Amino acid sequence: MTKIDKIVLSYSGGLDTSIILKWLQETYGCEVVTFTADLGQGEELEPARAKAEMSGVKDIRIVDLREEFVSDFVFPMLRANALYEGQYLLGSSIARPLIAKHLVGIAREVGAHAVAHGATGKGNDQVRFELAVNALDPSIKIIAPWRQWNIRSRTQLLEYAEKHHIPVPSDKRGEAPFSIDANLLHTSTEGKILENPAEVAPDHIYQRTVDPVDAPDTPEIITISFERGDPVSVNGKSMTPTALLTELNGLGGRHGIGRLDLVENRFIGMKSRGIYETPGGTILLAAHRGIESITLDRAAAHLKDEIMPRYAELIYNGFWFAPEREMLQALIDQSQTFVSGEVTLRLYKGSASVVSRTSPCSLYSADLVTFEESAIAYDHHDAEGFIRLNGLRLRSWAARNGR
Ligand code: ARG
């Protein structure tokens with residue numbers, strides 16, 4: 001084993017990463033710096049400081065990354081209308097490269113040559129963390145305790161905690177808990193009963209949305225303004241990206257918007273089933289498509305839709321900091337120059353529907369499309385020739401086939 005003198009650990013303060021912290025200190029006998037990111041997971045972060053202190057950590061970093069998360073990761077992704085496998089808004093996937101970026105930044109700052117994370121050996125998150133670290137600083141060594149230590153079961157994990165006087169909260173004593181990942185964009189829940197896709201998810205799984213059945217019986221009308229593809233205000237009130245997403249999460253949660261029960265294909269090879277709640281993101285996707293519908297040229301819009309699954313898959317698979325993701329991002333960003341204006345939506349029992357849209361950059365021409373007499377020069381005879389030429393090869397083809 002090459003000598004490691006300092007490690008920066010991505011530390012949530014939860015039981016698993018507390019055990020990892022102890023294990024790193026014992027195994028490598030070196031200083032461990034903890035890094036706890038505030039991504040709007042809605043958890044108190046100060047307990048993480050207290051726990052790290054108790055474990056003798058001298059350098060404790062708790063960093064508020066919410067604004068960077070929404071501005072530089074979530075919004076750029078939403079410009080693409082990104083969905084993995086047609087449904088997943090990538091709430092966990094998009095957070096990992098940001099955490100990795102700061103792990104690397106802190107490692108450089110404190111002169112550490114290794115970083116560590118608490119992702120298990122079966123998931124996507126390990127891939128995302130490590131590909132991002134590779135892309136940002138190939139000299140940094142990555143330690144993934146879940147793949148290295150001999151702990152193979154929940155029972156062994158708890159035994160290790162007991163042995164090292166790591167407090168185990170009473171709700172963590174029994175069987176393995178759900179695997180939950182939360183941030184400003186979503187909450188994801190996996191594991192336990194959800195591992196059987198034939199089982200209906202129990203209602204208590206949901207944390208930030210009401211059951212649409214219990215949502216208000218009166219619809220709520222909201223307006224979202226966009227500037228160059230990004231949302232900037234809700235109901236006429238300008239907001240920071242974080243405040244805006246928080247506001248929409250509240251509205252969406254109340255109306256039961258953004259629940260998803262999905263069986264997905266992990267990059268690593270297996271299928272997994274998860275429950276996602278992405279209230280604000282779901283509203284923003286509908287609204288963004290609404291504003292794009294009047295501001296994007298047809299070919300531009302269709303090209304975006306063609307590359308979208310590819311772009312989403314890159315994010316899902318952990319290639320945020322790869323050249324091909326950056327190339328696609330440049331294309332997407334370029335398309336957003338005129339994606340400005342206002343979208344009105346109706347929130348009602350689990351749905352966010354666009355009901356109207358306006359834009360100073362609109363390409364929509366009522367004059368052109370109208371069934372009434374139009375002032376714009378449009379010669380109906382042109383359509384005749386247009387169809388005749390488009391039909392030319394079809395007529396040849398049909399004649400050959402003997403139809
Ligand atoms: N399956 C989702 C994804 O790969 C969610 C992962 C959530 N992570 C977790 N540690 N629970 O993006």
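In listed order, ligands and their atoms are each counted from 1. Note that the structure is a prediction, hence the values are computed from the model and not measured. Just the heavy atoms: all of them, side chains too, but no hydrogens, waters or symmetry mates, feed the values below.
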**Message:** Quick one, Phe226 with His288, criterion ring pair (Phe, Tyr, Trp, His ring centres under 6.0 Å). Give me CA distance, side-chain angles, the key distance, then yes/no.
**Reply:** CA-CA 8 Å; Phe226 286 85; His288 185 253; 5.8 Å; yes
**Request:** Assess whether salt bridge (Lys or Arg N to Asp or Glu O under 4.0 Å) is satisfied between Arg154 and Asp16, documenting all intermediate values.
**Result:** CA-CA 10 Å; Arg154 189 87 203 152; Asp16 289 22; 3.7 Å; yes
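Nearest non-hydrogen protein atom to atom 11 (N) of ligand 1 is Ser179 OG, 2.8 Å. In this structure, the protein non-hydrogen atom closest to atom 12 (O) of ligand 1 is Tyr88 OH, 2.6 Å. Scanning the protein heavy atoms around atom 2 (C) of ligand 1, the nearest turns out to be Tyr276 OH, 3.1 Å. Atom 9 (C) of ligand 1 has Asp125 OD2, 3.5 Å as its closest protein atom, hydrogens excluded (heavy atom only).
Near Asn124, the atoms of ligand 1 lying under 4.0 angstrom from a non-hydrogen atom of the residue are 3 (C), 4 (O). The distance from ligand 1 to the heavy atoms of Glu264 drops below 4.0 Å at these ligand atoms: 1 (N), 2 (C), 3 (C), 4 (O). Set against the non-hydrogen atoms of Ser93, the atoms of ligand 1 under 4.0 Å away are 12 (O). Close approach of ligand 1 to Asp181 (heavy-atom distance below 4.0 Å) involves ligand atoms 7 (C), 8 (N), 9 (C), 11 (N). Of all atoms in ligand 1, numbered sequentially from 1 with element shown, those under 4.0 Å from a heavy atom of Ser188 are 5 (C), 7 (C). Using a 4.0 Å cut-off to heavy atoms of Ser92, the atoms of ligand 1 that qualify are 5 (C), 6 (C), 7 (C), 12 (O). Taking every heavy atom of Glu190 and a limit of under 4.0 angstrom, the matching atoms of ligand 1 come to 1 (N), 2 (C), 5 (C), 6 (C).
Relative orientation of the Tyr316 and Tyr84 rings is parallel, given thresholds of 30° and 60° on the angle between their planes. Between Phe35 and His102, the angle of the ring planes stays under 30°, which puts this pair in the parallel group of the 30/60° scheme.
Not a single heavy atom of Tyr84 sits closer than 4.0 Å to an atom of ligand 1. For Arg266, the closest heavy-atom approach to ligand 1 does not fall below 4.0 Å. Residue contacts with ligand 1 do not include Ser272, since none of its heavy atoms lies under 4.0 Å from the ligand.
Results of the side-chain contact (heavy atoms from CB on, under 4.5 Å) test with Ser93 over Trp320, Phe267, Tyr88 single out Tyr88 as the only residue that passes. The side-chain contact (heavy atoms from CB on, under 4.5 Å) test with Val32 singles out one residue from Lys6, Lys22, Gln25, Lys58, and that residue is Gln25.
For Leu90, no heavy-atom contact with ligand 1 is shorter than 4.0 Å. Residue contacts with ligand 1, taken as heavy atom pairs separated by less than 4.0 Å, involve Arg128 solely via side-chain atoms from C-beta onward.
Residue Arg393 places its CZ atom among 12 or fewer non-hydrogen atoms of other residues, nucleotides or ligands, all under 6.0 Å distant.
Salt bridge absent: Lys192 and Glu199 never bring a charged side-chain N and a carboxylate O closer than 4.0 Å.
Taking the side chain as every heavy atom from C-beta outward, Ile222 and Leu248 approach each other to under 4.5 Å.
In this view, Asp125 and Arg96, Arg128 satisfy the side-chain hydrogen bond (donor to acceptor under 3.5 Å, both in side chains) rule, not counting sequence neighbours.
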